[in-house]
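Read through the structure below, which is laid out as structure tokens, and then see the notes.
All ligand and atom numbering here is 1-based and tracks the order in the structure.
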Amino acid sequence: MSALPPALVAAIERIADVDELLVALDFDGTLAPTVDDPASARSHPDAMAAILALEDLEKTRIALVSGRSIGNLASVARLPDSTILVGSHGAEFRFGGAVSGPELDGDERKMLDRLYAAVETVAARYPGARTERKPAGSGLHTRMSSPADADAARADALAAVAALGPSSGITERYGKDILEFTVREADKGTALDVIRHRTAASAVLFVGDDVTDEDGFAVLSGHDVGVKVGPGETAASHRVADPQAVAELLALLAGLRERKAASPR
Ligand SMILES: [Mg+2]
């Protein structure tokens, strides 16, 4: 028997029946259980199988929508070129294998170099802190730091970035064990609008676990379905416990969608 809530099963049954379906999925903590080494994160095998089954169907598009850079996301997700990838929360896109964005201007590029240096200087002072260079920003990872060090590193990084000046154009965002700064603002809500338009989707299923996914849930409407993974406040109408349940949800959707494709009305 399925462990999915009945209301969610009903919502999946409804969305499986739409004409053009877009399945948009966060990666870390949603498809892939969280691990200490981000490079070794992999989708739950059942989720992977369901995604590949959905990829094979007509009028069904899969998109991964992540805070990782596109290159980083592609290396851990290991999905075909037909899968749409959205990286850096929407600063980068990959459609049909072709990557676009973020196309920074000269001032943004200069500011990005200063941002890398500022965040990396701070991270070097705290045990366990790690930085990630992204095409339009810098991430400060604190999963391996003590809570006290993580708090201090974040405060220190905020101060260092503030010192780059009020006109730096840099914005920050908080995620699970990460504080990110970017010279080019992007969010998953805007990203979902772009891929919804690009795929001419009749409805969107969006699944995510982090605070940054709330921007995505906020733009859902009509026949769309939003699913929050794990605890925490959310704008999504449905919730599941973990990536195992996400895999179950995707398997259910793939089965229903395959049946629909086999008997078109
Ligand atoms: Mg996540």
Would you name the N/O/S atom of Asp209 that lies closest to the Mg ion (ligand 1)?
OD1
In Asp28, the N, O or S atom nearest to the Mg ion (ligand 1) is which?
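Closest N, O or S atom of Asp28 to the Mg ion (ligand 1): O.
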Locate the shortest heavy-atom distance separating Ala247 from Ala47; write the atom from each residue and the value.
CB-N, 3.6 Å
Of all the atoms in Asp26, is at least one N, O or S atom closer to the Mg ion (ligand 1) than 2.8 Å?
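Checking the Mg ion (ligand 1) against Asp26, an N, O or S atom does fall under 2.8 Å.
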Can you tell me which residue among Asp209, Asp210, Thr34 is in a side chain to side chain donor-acceptor pair (under 3.5 Å) with Lys176?
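One option only clears the test, and that one is Asp209.
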Over-ring placement of Arg68 relative to Phe27, 6.0 Å and 45° cut-offs
no
With a 6.0 Å cut-off (strictly less than), is the heavy-atom count around CD of Glu185, excluding the residue itself, greater than 12?
no
